[in-house]
Amino acid sequence: MTRLSSYLLPTEKQAPADAEAISHKLMVRAGLIRQLGAGLWTYLPAGWKIHRKVEQIIREEMDAIGGQELLMPLLNPAEPWRRTGRIEIDEIFKLEDRKGTEMVLAMTHEEIVTTHVAQVVRSYRDLPQILYQIQVKERDEPRPRAGVLRTREFRMKDAYSFDRDEAGLDESYAKHIVAYDRIFDRSGVEWYRVQSDVGMMGGTDAHEYMAPCAAGEDEVALAPGYAANLEVASADAQAVELPAPLPQPVEEHTPGCTTVEDVSRRLGVAPGAVLKAFPVIAEGRGLVLVLVRGDHRVNEVKLRNVLRANVRPATADEFATKIGPAGFIGPVGANAPILLDEAVGDGGYVTGANRADFHLRGVEPGRDFPFERADVRFVEPGDSVGGQPLRIESAIEIGNIFKLGTRYSEALGAHYLDESGRQRAIVMGCYGIGPARIVAAAVEQHHDEAGIAWPRAIAPFDVELVVIARGETEERTFADRLYEELREQGLDVLYDDRDAGPGEKFADAELLGAPLRVTVGKRTLAGGELEIQLRRGRERRSLPLDGAAVAVAELWRTLP
RNA sequence: CGGGGCGUGGCGCAGCCUGGUAGCGCGCUCGCUUUGGGAGCGAGAGGUCCCGGGUUCGAAUCCCGGCGCCCCGACCA
């Protein structure tokens with residue numbers, strides 16, 4: 001029974017002054033969410049309905065691949081977090097109980113689920129397992145932002161797979177791909193599954209699910225048949241025109257030219273014909289000189305993965321003696337290993353001369369300096385993959401899947417005995433989805449100047465029924481009956497029975513964004529036709545009064 | 001963590017510079033009128049001006065300290 005006259009749906013004409021993201025503005029204006037503090041949001045009834053619809057889709061698809069739902073405490077003893085070393089993470093909320101025992105608020109549940117599995121699983125016969133929950137997570141984010149997109153408390157579907165070996169993990173991983181593809185398809189958002197960084201934590205494979213939209217915090221590189229997080233994306237660079245080769249490097253006076261732009265202009269060569277020198281300190285390895293084309297940028301995530309070590313830019317002091325003065329450094333004569341980006345083709349380049357106010361022309365990799373080659377640059381729009389042009393879009397990360405391996409099982413003693421009686425570590429995967437981000441992404445992707453246009457599957461209501469009449473009138477009697485008939489058709493109907501004018505009702509209906517609006521007024525009864533508005537595109541249609549409820553239900557089933 | 005901005009009825013804002021009755025629009029309550037795209041008239045309710053301290057006869061306003069929130073960047077296991 002959802003009559004708007006008695007339903008808590010506080011809509012606003014004006015967005016909160018401090019809101020920036022569209023989903024933030026519209027979700028507040030539509031009466032779905034209210035803020036309590038930085039990164040802390042209450043879901044009001046209609047907003048919570050949407051969230052629950054998304055959760056239900058997730059449940060159904062997780063169950064379909066054999067996932068078993070459980071529930072683990074949010075409040076955790078610190079001990080398992082200490083055993084995996086993650087107690088050190090700044091984002092973890094830490095507290096003490098009255099006895100002074102250290103506790104943490106879980107930001108995810110690898111430690112806890114693995115602790116239980118370690119206690120319970122003994123034999124290879126107990127594996128594999130897929131366990132999941134939909135539970136609150138707490139993260140002390142340095143900067144919560146954009147409404148519900150990045151919060152300090154949020155619900156997350158987190159799943160964990162436990163397998164006998166890598167082959168088993170591959171199967172569990174593949175199952176999650178099936179489930180996730182279906183979840184995001186059913187939710188009605190546009191999404192891409194992209195390769196992502198596995199990080200330094202021993203993971204072997206990882207993908208993220210990305211929903212393109214302006215408010216996104218991530219960037220994805222997309223080409224037909226290719227999708228990757230910008231952090232790890234690879235592509236073929238556009239060719240660059242190089243000057244004619246020289247028999248040996250020639251020094252040029254370039255006073256004050258410390259940027260690629262300065263140098264390329266002064267020497268009259270394309271920025272891509274200059275080599276950008278980027279000295280870094282690799283943990284446990286020391287100074288490395290990274291070279292990329294002047295029109296490219298060094299990607300520190302790829303660099304870290306290539307060097308298998310944490311990397312930071314070197315300071316001028318750290319490279320002054322081994323290489324040269326800041327602003328004029330280059331590979332020729334550098335006393336440091338050189339990593340040359342794969343996009344640097346054969347030919348003569350301009351590089352720093354390792355002498356203040358001078359550059360070298362005609363420097364050829366190999367002939368003039370030794371190097372190792374690696375792919376360490378960011379891809380750029382206009383690069384290509386398999387001959388197809390690459391584009392870069394911002395996106396919201398709505399899910400991720402990750403092959404963990406044995407990092408947690410080893411730290412927490414999750415072992416089993418195999419067929420030959422040998423003790424082995426359980427091989428794990430973890431799989432997350434943020435339902436709130438699906439909701440926000442749906443708003444970002446599906447809205448217009450009037451408000452939200454929900455995908456049918458996650459809309460707060462299937463139909464909003466608007467009656468234009470006050471008091472006991474013929475229209476209202478008709479609308480009351482139609483309301484019941486629509487409900488009998490299985491539709492979830494919001495009935496705007498308020499004593500308000502038509503303009504206000506229409507505006508609120510379009511703001512809230514149910515896929516269909518049905519209007520009953522004088523005009524309806526006089527004309528013998530019911531007016532229907534499809535929210536997407538605000539297209540209007542008419543249906544005969546006779547059998548209207550059935551026709552509305554049929555129309556609803558055809559919507560995206 | 002670096003940079004910037006903002007805290008005044010439910011929402012959006014003015015007032016602050018130059019100290020002296022807290023104001024506007026929307027919303028809310030009551031009455032009458034109005035009813036197919038955010039109505040009209042009239043009468044009302046509602047504010048510790050973020051908090052603490054200081055200056056002053058007097059502080060929303062000036063000074064000091066704190067807190068909160070937002071945006072950009074860094075970070076995001």
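These numbers were taken from a predicted model, which means no experiment stands behind them. Throughout, protein chains are lettered first and strands after them, A, B, ... in sequence-line order, and every chain is numbered starting at 1.
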Against the side chain of A:A507, the closest entry in B:rU35, B:rG38, B:rC70 is B:rG38

Nearest to side-chain heavy atoms of A:Y408, which nucleotide of B:rG36, B:rC13, B:rA77: B:rA77

Between B:rG37, B:rC26, B:rG36, which nucleotide gets closest to the side-chain atoms of A:Q533? B:rG37

Looking at B:rG12, B:rG10, B:rG37, which one has an atom nearest to any side-chain atom of A:Q14? B:rG12

Classify A:D508 by what it touches in the nucleic acid, base, sugar-phosphate, or nothing, heavy-atom distance under 4.0 Å. base

The Watson-Crick or G-U wobble partner of B:rA77, with both key distances under 3.5 Å, is none

May I ask you to say whether A:R152 pairs ionically with A:E138, meaning some side-chain N is under 4.0 Å from a carboxylate O? no

For the residue pair A:Y209 and A:W191, categorise the inter-ring angle as parallel (less than 30°), tilted (30 to 60°) or perpendicular (more than 60°). tilted

Looking across every strand, which nucleic acid part, if any, lies under 4.0 Å from A:P10 by heavy atom: base, sugar-phosphate, or nothing? nothing

For A:A19, report the nucleic acid contact type (base, sugar-phosphate, nothing); a contact means any heavy atom under 4.0 Å. nothing

Distance check, C1' atoms only: B:rG20 and B:rA39, in whole angstrom units. 41 Å

Pick one: which of A:D462, A:I50, A:L559 meets side chain to side chain contact (heavy atoms under 4.5 Å, CB included) with A:W454? A:I50

Take atom C1' in B:rG54 and the same atom in B:rG46, then report the distance between them in whole Å. 32 Å

Is A:K137 positioned over the aromatic face of A:F154, cation under 6.0 angstrom from the ring centre and no more than 45 degrees off axis? no

Please determine, for B:rC16, whether a Watson-Crick or G-U wobble partner exists with both distances under 3.5 Å, and give it or none. none

Should A:R541 and A:E539 count as an ion pair when the cut-off is N to O under 4.0 Å? yes

When you get a sec, tell me which of B:rC70, B:rC13, B:rC71 is the closest nucleotide to the side chain of A:A17? B:rC13

For B:rU34, the Watson-Crick or wobble partner whose two distances fall under 3.5 Å: none

First of A:H24 and A:T108 reached from the 5' end of RNA chain B, by closest nucleotide: A:H24

For B:rC26 and B:rG53, measure between their C1' atoms and round to the nearest Å. 37 Å

In whole angstrom, give the distance that lies between atom CG of A:D499 and atom P of B:rG31. 12 Å

Quick one: does A:R540 reach the base of B:rG37 with a side-chain donor-acceptor pair under 3.5 Å? yes

Expressed as a whole number of Å, how far does the C1' atom of B:rU34 sit from that of B:rG40? 7 Å

Please give the nucleotide sitting opposite B:rA60 as a Watson-Crick or G-U wobble pair, both distances under 3.5 Å, or none. none

Regarding A:E397, tell me which of base, sugar-phosphate or nothing describes its non-hydrogen contacts under 4.0 Å with the strands shown. nothing

Over how many whole Å does the gap from A:K13 atom NZ to B:rG37 atom C1' extend? 12 Å

Per nearest nucleotide of RNA chain B, the residue lying toward the 5' end, A:A21 or A:M107, is A:A21

Give one of base, sugar-phosphate or nothing for A:Q35, where a contact means two heavy atoms less than 4.0 Å apart. sugar-phosphate

The side chain of A:A38 is closest to which nucleotide in this list: B:rG38, B:rC70, B:rG36? B:rC70

Short of 4.0 Å, heavy atom to strand atom, which residues of residues 130-145 of chain A count as contacting RNA chain B? A:P142, A:R143, A:P144, A:R145

For A:W41 and B:rC70, what is the distance between atoms CH2 and P respectively, to the nearest whole Å? 8 Å

Proximity to the side chain of A:E12 - top-ranked nucleotide from B:rG10, B:rA77, B:rG36: B:rG10

With C1' as the reference atom in both, quote the distance from B:rG23 to B:rC41 in angstrom, rounded to an integer. 23 Å

Select base, sugar-phosphate, or nothing to describe what A:T519 touches, counting heavy atoms under 4.0 Å on all strands. base

Rounded to whole angstrom, note down the C1' distance from B:rU61 over to B:rU8. 11 Å

Taking B:rG38, B:rU35, B:rA77 as options, the one with an atom nearest any side-chain atom of A:P502 is B:rU35

Does A:N299 use its side chain to pair, donor to acceptor, with the backbone of A:V301 at less than 3.5 Å? yes

Any base atoms under 4.0 Å from A:A526, or only sugar-phosphate, or nothing? Heavy atoms, all strands. nothing

Which whole number of Å gives the distance between the P atom of B:rA60 and that of B:rC16? 14 Å

Watson-Crick or G-U wobble partner of B:rC49, both distances under 3.5 Å: none

Salt bridge (charged side-chain N to carboxylate O under 4.0 Å, His left out) against A:R34, all qualifying residues, sequence neighbours excluded: A:E12

When the aromatic ring centroids of A:H24 and A:W41 are compared, is their separation below 6.0 Å? yes

Ring center gap for A:Y7 and A:F461 short of 6.0 angstrom: yes

Taking the six-membered ring of A:Y495, is NZ or CZ of A:R3 closer than 6.0 Å to its centre and within 45° of its axis? no

Under 3.5 Å, is there an N or O donor on one side and an acceptor on the other linking the side chain of A:E504 and the base of B:rG36? no

Name the pairing partner of B:rG44, where a pair is Watson-Crick or G-U wobble with both distances under 3.5 Å, or state none. B:rC28

Applying a 3.5 Å limit to both distances, which nucleotide forms a Watson-Crick or G-U wobble pair with B:rG2? B:rC72

Distance in angstrom units between A:L512 CG and B:rG37 P, rounded: 21 Å

Atom C1', compared across B:rC70 and B:rA77: separation rounded to whole Å: 28 Å

